Amino acid sequence: MLIAIKQKRGLMIQKALGEIKRGTSEIIDLEYIEKLVTRYYTEGKTYTVKVGFDPTGADLHLGHTVLLHKLKIFQKHGATVQLIIGDFTATIGDPTGKSETRKVMDRDTIIANAKTYQDQAFLILDRDKTEIFYNSVWFDKLGAAGLVGLSTLFSVARMLERDDFEKRYKAGQSISISEFLYPLLQGYDSVELKSDIEIGGTDQKFNLLMGRHLQRSYNIKKEQAVITMPILEGLDGVQKMSKSLDNYIGITENPNTIYAKVLSISDTLMWRYYELLSTKTLDEIALLKKGVEDGSIHPKIVKENLAIELVARFYNEELANIAKEEFDKVFKSNEVPSEMSEFIFETPIWICKALVDANIEPSTSQARRDIAQGAIKINQEKLVDDQLQLENGEYIVQVGKRKFAKIKVL
RNA sequence: GGUGAGUUACUCAAGCGGCCAACGAGGGCAGACUGUAAAUCUGCUGACUAUGUCUUCGAAGGUUCGAAUCCUUCACUCACCA
């Protein structure tokens, strides 16, 4: 009897570890994680997983969800998530992956961003198993002396080993001292919170390891395990998904937009998204891939399914299917979307001006160029005359394939 | 602190007194082909009811009929020296 329970427990732990390992890029000190998970399943003891973020951009996108889903898995297996709002560190700016010094942010925007971040993070995370910390709490106390003390624990040479610093240094670009401080401060968070595990993107590896280094230096009896997750590429398939590059899919964007954006990614990138975002098992994904390769499944179908899965995750099945129908309507049958923004003008208006006012062209100059190239359609018909005045009536104007607006002239 | 080099559009990068709204590459947008995919080919890529006008080459002044180009000051970046 006892043996049976033990065996069952062992299986559960193995399963948990399997889920934890899936899709990770690297795990440092897996043994420690095993120990923590085992202890949870045998003694019911919880442990902590730390994650930090810079409250720089207000909206979360799919790239963030890669991490959040991993955290959710941890919560399922006994972890308490320590969510650190880097309100202090954000005033410095994380140099990671940056080719130049980042601009510092003012405090009000940071706080506002932090709030929306939390609201959105809890779409995925379990609120009851999450603790939120603002790192200004301990950094305000640390003081100049503390900061100097902290900075004696690491050498410039080692700091310069870091890939992005090294590149910038060699390329003759500037690196400010505050940027050297950033990894130290992030690591110090782990000292304050005595975290058991820290998780971040692969580009965060250096900073994450700093946590281990500092925990050792400050004699916290343990060193955190480190997990890095792959970085999700943005819509272009090359650069990291980010708001500033405008290659992201935001989780609060409307279902139609999410659906359309997923469908616009390349076939190669699609597999990457499957791997990192889908809840399908790796075997199922491999099967799909094989199907596409031998021609038995059309890649478009596979992509559609991914889009539906993702929309359904942030909304529901029903809206996901509506998004698909809408998409097919507009792009397969070349019809007009059922909803679009509407603009009303009191008097007849020059077409170029109307396009600008309807926010689908940035300038009348651009509008003229697009007309010359045949990119503008009015009521489904190509427009040739760039002097056209819109008289009374209702018009559906279209720029390129995806920008629509309804214009009414009274 | 000293010496030298540099700062050009979204990015890289030419231009070094008029032919400059500024070569070229990447990116982006659009058209053709498609599955709004990729690849490929083509066009566009400062603004303005526009064969013209206005504003842009780190900032401010100056020289000149005329300045991204020459001069002065300032700011920033880098290298070497201290």
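Treat the numbers as computed from the prediction; the structure is a model and nothing was measured.
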A.B. asks: Starting at CG of Asp246(A) and ending at P of G28(B), how long is that distance when rounded to a whole Å?
C.D. replies: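 In whole Å, G28(B) P lies 11 Å from Asp246(A) CG.
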A.B. asks: Please state whether the phosphate of A37(B), meaning OP1 or OP2, lies under 4.0 angstrom from any side-chain nitrogen or oxygen of Ser264(A).
C.D. replies: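 Answer is no, no contact under 4.0 Å.
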A.B. asks: Can you list the steps and then say if Tyr248(A) with His64(A) is a side chain to side chain contact (heavy atoms under 4.5 Å, CB included)?
C.D. replies: CA-CA 10 Å; Tyr248(A) 68 103; His64(A) 297 110; over 6 Å; no
A.B. asks: Please work out if Leu269(A) contacts a base, only the sugar-phosphate, or nothing of the nucleic acid, heavy-atom cut-off 4.0 Å.
C.D. replies: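 The answer is nothing, as Leu269(A) stays clear of every strand by at least 4.0 Å.
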A.B. asks: Go through residues 332-355 of chain A and report each residue with a non-hydrogen atom lying under 4.0 Å from RNA chain B, sorted by number.
C.D. replies: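 Only Trp350(A) qualify.
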A.B. asks: Are side-chain heavy atoms of Asp189(A) and Phe133(A) found at a separation under 4.5 Å?
C.D. replies: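 Side-chain contact under 4.5 Å: no.
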A.B. asks: For Lys222(A), enumerate each residue passing the salt bridge (charged side-chain N to carboxylate O under 4.0 Å, His left out) test, keeping only those at least two apart in sequence or located in another chain.
C.D. replies: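 Partners of Lys222(A) by the salt bridge (charged side-chain N to carboxylate O under 4.0 Å, His left out) criterion, ordered by chain and then number, come out as Asp196(A).
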A.B. asks: For nucleotides A60(B) and A68(B), find the distance between their P atoms and express it as a whole number of Å.
C.D. replies: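 One P to the other, the span is 13 Å.
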A.B. asks: Does any N or O donor sit under 3.5 Å from an N or O acceptor when you compare the side chain of Asp267(A) with the base of G35(B)?
C.D. replies: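 Per atom types, the contact qualifies.
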A.B. asks: Can you see whether Gln186(A) engages Asn207(A) through a side-chain donor-acceptor pair at a distance of less than 3.5 angstrom?
C.D. replies: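 Asn207(A) and Gln186(A) do have a side-chain donor-acceptor pair below 3.5 Å.
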A.B. asks: Could you name each residue pair satisfying side chain to side chain donor-acceptor pair (under 3.5 Å) that touches residues 263-290 of chain A, not counting sequence neighbours?
C.D. replies: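 Counting only pairs at least two positions apart or across chains, the side chain to side chain donor-acceptor pair (under 3.5 Å) contacts touching residues 263-290 of chain A are Glu233(A)-Arg272(A), Asp267(A)-Lys303(A), Ser278(A)-Glu309(A), Thr279(A)-Glu309(A), Thr281(A)-Glu284(A).
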A.B. asks: Work out which heavy atom in Val51(A) is nearest to a heavy atom in Val81(A); give both atom names and the distance.
C.D. replies: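 That would be CG1-CG1, 4.2 Å.
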A.B. asks: Tell me which pairs pass salt bridge (charged side-chain N to carboxylate O under 4.0 Å, His left out) where either residue lies in residues 394-410 of chain A, with sequence neighbours left out.
C.D. replies: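 Salt bridge (charged side-chain N to carboxylate O under 4.0 Å, His left out) check on residues 394-410 of chain A returns Glu342(A)-Lys408(A).
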A.B. asks: Taking only residues at least two apart or on different chains, which pairs with a member in residues 375-391 of chain A satisfy side chain to side chain donor-acceptor pair (under 3.5 Å)?
C.D. replies: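 Qualifying pairs: none.
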A.B. asks: Among side-chain atoms of Gln75(A) and Thr130(A), is any donor-acceptor pair under 3.5 angstrom?
C.D. replies: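 Result is yes, a qualifying pair exists.
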A.B. asks: If the condition is ring-ring contact (aromatic ring centres under 6.0 Å, His included), which residues does Tyr259(A) pass it with, not counting sequence neighbours?
C.D. replies: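 For Tyr259(A) the ring-ring contact (aromatic ring centres under 6.0 Å, His included) partners, ignoring immediate neighbours, are Phe327(A).
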A.B. asks: CD of Gln373(A) versus P of G28(B): gap in Å, rounded?
C.D. replies: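 Rounded to whole Å, this separation is 16 Å.
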A.B. asks: For A50(B), does either OP1 or OP2 sit under 4.0 Å from a side-chain N or O belonging to Arg369(A)?
C.D. replies: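 False: Arg369(A) side-chain N/O out of range (4.0 Å or more) of A50(B) OP1/OP2.
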A.B. asks: Could you measure between the two C1' atoms, the one in A14(B) and the one in G26(B), and give it in whole Å?
C.D. replies: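 My reading of the C1' atoms in A14(B) and G26(B) gives 15 Å.
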A.B. asks: Please name all residues satisfying ring-ring contact (aromatic ring centres under 6.0 Å, His included) with Phe345(A), sequence neighbours left out, ordered by chain then number.
C.D. replies: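 For Phe345(A), no residue satisfies ring-ring contact (aromatic ring centres under 6.0 Å, His included) once neighbours in sequence are set aside.
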A.B. asks: Take the protein atom CG of Asp386(A) and the nucleotide atom P of C44(B), then report the distance between them rounded to whole Å.
C.D. replies: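 The answer, rounded to whole Å, is 16 Å.
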A.B. asks: Mind checking if Ser266(A) touches a base, just sugar-phosphate, or nothing, with heavy atoms under 4.0 Å?
C.D. replies: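 Counting heavy atoms under 4.0 Å across all strands, the contact made by Ser266(A) is with sugar-phosphate only.
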A.B. asks: In dot-bracket form, 5' to 3', how is RNA chain B paired? Count Watson-Crick and G-U wobble pairs only if both distances fall under 3.5 Å, and write | where the partner sits on another strand.
C.D. replies: ((((((((.[[[..)..(.....]]]((((((.......))))))(((...)))...[[[[[..)....]]]]]))))))).
A.B. asks: Taking the same atom, P, in G62(B) and in G43(B), what whole-Å distance lies between them?
C.D. replies: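 Roughly 44 Å separates the two P atoms.
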A.B. asks: Give me syn or anti for U51(B), where syn covers glycosidic angles within 90 degrees of 0.
C.D. replies: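 What U51(B) shows is a syn base, its glycosidic angle lying within 90° of 0.
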A.B. asks: Provide the distance between the two P atoms, one in U8(B) and one in C57(B), to the nearest whole Å.
C.D. replies: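 So the two P atoms sit 11 Å from each other.
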A.B. asks: Among residues 389-401 of chain A, which residues get a heavy atom nearer than 4.0 Å to RNA chain B?
C.D. replies: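 Only Gln389(A), Gly400(A), Lys401(A) qualify.
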A.B. asks: For residues 127-153 of chain A, which residue pairs pass the salt bridge (charged side-chain N to carboxylate O under 4.0 Å, His left out) check, not counting sequence neighbours?
C.D. replies: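 Qualifying pairs, neighbours excluded: none.
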A.B. asks: For Tyr41(A) and His77(A), take the angle between the two ring planes, folded into 0 to 90°, and tell me which bin it lands in: parallel under 30, tilted 30 to 60, perpendicular over 60.
C.D. replies: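 It falls in the tilted class, 30° to 60°.
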A.B. asks: From C-beta outward on Gln387(A), which listed nucleotide comes closest to its side chain: U49(B), U36(B), C44(B)?
C.D. replies: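 For the Gln387(A) side chain, the nearest candidate turns out to be U49(B).
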A.B. asks: Between Thr202(A) and Glu26(A), is there a side-chain donor-acceptor contact under 3.5 Å, judged purely by atom types and distance?
C.D. replies: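 The criterion, which ignores hydrogens and geometry beyond distance, is not satisfied for Thr202(A) and Glu26(A).
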A.B. asks: With rounding to the closest Å, how many angstrom separate the C1' atoms on U7(B) and A59(B)?
C.D. replies: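 Comparing C1' positions in U7(B) and A59(B) gives a spacing of 11 Å.
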A.B. asks: Let me know the distance between CZ of Arg402(A) and P of C29(B), rounded to the nearest Å.
C.D. replies: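 The distance from CZ of Arg402(A) to P of C29(B) comes to 7 Å, rounded to the nearest Å.
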A.B. asks: Is any N or O donor-acceptor pair between the side chain of Arg368(A) and the base of A50(B) shorter than 3.5 Å?
C.D. replies: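 Present.
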A.B. asks: Look at the side chain of Lys303(A) and decide which nucleotide, out of A37(B), A30(B), U36(B), has an atom nearest to it.
C.D. replies: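 Nearest listed nucleotide: A37(B).
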A.B. asks: Test of understanding: with salt bridge (charged side-chain N to carboxylate O under 4.0 Å, His left out), list the residues that count as partners of Asp236(A), not counting sequence neighbours.
C.D. replies: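 Asp236(A) satisfies salt bridge (charged side-chain N to carboxylate O under 4.0 Å, His left out) with no other residue.
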A.B. asks: Provide, to the nearest angstrom, the distance between the CD atom belonging to Gln366(A) and the P atom belonging to A30(B).
C.D. replies: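 After rounding, the gap between these two atoms is 9 Å.
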A.B. asks: Measure the distance from CG on Asp236(A) to P on A38(B) and round it to the nearest whole Å.
C.D. replies: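 Checked: the CG to P distance equals 11 Å.
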A.B. asks: Going by distance alone, is a donor N or O of one side chain under 3.5 Å from an acceptor N or O of the other, for Gln239(A) and Asn247(A)?
C.D. replies: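 The criterion, which ignores hydrogens and geometry beyond distance, is not satisfied for Asn247(A) and Gln239(A).
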A.B. asks: Considering only the C1' atoms, how many Å lie between G58(B) and G66(B), rounded to the nearest integer?
C.D. replies: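 So the two C1' atoms sit 23 Å from each other.
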A.B. asks: Within this structure, what is the NZ-to-P distance between Lys403(A) and U36(B), rounded to whole angstrom?
C.D. replies: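 Interatomic distance, NZ of Lys403(A) to P of U36(B): 19 Å.
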A.B. asks: Counting the atoms with a prime plus P, OP1 and OP2 as sugar-phosphate, which does Ser363(A) contact under 4.0 Å by heavy atoms, base, sugar-phosphate, or nothing?
C.D. replies: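 Counting heavy atoms under 4.0 Å across all strands, the contact made by Ser363(A) is with sugar-phosphate only.
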A.B. asks: Below the 4.0 Å mark, does C48(B) have OP1 or OP2 next to a side-chain nitrogen or oxygen of Thr364(A)?
C.D. replies: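 Checking C48(B) against Thr364(A), a side-chain N or O does come within under 4.0 Å of OP1 or OP2.
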A.B. asks: Describe the nucleic acid contact of Ala372(A) in one word from base, sugar-phosphate, nothing, applying a heavy-atom distance below 4.0 Å.
C.D. replies: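 Touches nothing.
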A.B. asks: What is the separation between atom CD1 on Ile371(A) and atom C1' on A30(B), rounded to the nearest whole Å?
C.D. replies: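 These atoms are roughly 13 Å apart.
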A.B. asks: If you measure from the P atom in A30(B) to the same atom in U36(B), how many Å do you get, rounded?
C.D. replies: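 It works out to 15 Å between them.
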A.B. asks: Which residues, if any, of residues 286-301 of chain A bring a heavy atom under 4.0 Å of RNA chain B?
C.D. replies: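 Residues of residues 286-301 of chain A that come under 4.0 Å of RNA chain B are, in numerical order, His298(A), Pro299(A), Lys300(A).
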